[in-house]
Structures are given as C-alpha cells and as structure tokens.
Amino acid sequence: MLHADKSDNEVADLVRCHPRSVFNVRKAFVTQGLEAALHRKLRDDPPALESLMATERLT
C-alpha cells in the first residue's frame, strides 16, 4: 500500500514479484478489505507433491 500511486509493474519490480500478484492484492484490498489483502485464503485442494516436484525440476 505504500506504493499505491505506482503501476502494478513498478510495484512488482520493487518487491520482486509478478505484476499479477500486485493486481490480486490490490483487488483483494479494494473488494474485501485490509485483512483479505494481508492474509491469503488457504487452498481447499493443495497441489499434489508429485506435481510440485515436477515443477521444481523444470525450473
């Protein structure tokens, strides 16, 4: 929120994340409030361990 006057791309560069992450946090803040923006909702169905390991090998 300190960089609310900057674009999503500028904020993403500053905090080293994807611009879509910045967009999602801003959207959560506007639509659901500060708590929703600060604390991510836990996934009901987390990815399988095999899937995570395969993704890690690709990077």
Side-chain angles (χ1 to χ4, degrees):
M1 301 287 96
L2 294 174
H3 300 290
D5 60 328
K6 294 180 176 22
S7 72
D8 290 352
N9 288 333
E10 291 173 315
V11 174
D13 287 341
L14 288 169
V15 298
R16 297 185 176 160
C17 71
H18 196 277
R20 186 67 185 186
S21 297
V22 176
F23 173 83
N24 290 336
V25 170
R26 285 185 202 251
K27 182 178 177 183
F29 176 73
V30 170
T31 59
Q32 301 169 1
L34 181 61
E35 284 298 312
L38 294 177
H39 305 289
R40 291 183 6 178
K41 177 182 157 190
L42 296 178
R43 293 175 64 158
D44 293 332
D45 189 20
L49 180 59
E50 298 83 27
S51 173
L52 292 172
M53 291 174 67
T55 302
E56 186 175 311
R57 277 183 258 143
L58 293 175
T59 58

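All residue numbers in this chain count up from 1 along the given sequence. Hydrogens, waters and symmetry mates play no part in the numbers below; they use all other heavy atoms, side chains included.
Among residue pairs with one or both ends in residues 12-22, none qualify as side-chain hydrogen bond (donor to acceptor under 3.5 Å, both in side chains); sequence neighbours excluded. A side-chain hydrogen bond (donor to acceptor under 3.5 Å, both in side chains) check over residues 25-36, counting only residues at least two apart or in different chains, returns the pairs D8-R26, E35-H39.
In terms of heavy atoms, V22 sits closest to C17 at CG2-SG, 3.7 Å. V11 approaches H3 most closely through the heavy-atom pair CG2-O, 3.6 Å.
Every residue two or more places apart in sequence or in another chain that forms a side chain to side chain contact (heavy atoms under 4.5 Å, CB included) with L38 is listed here: L34.
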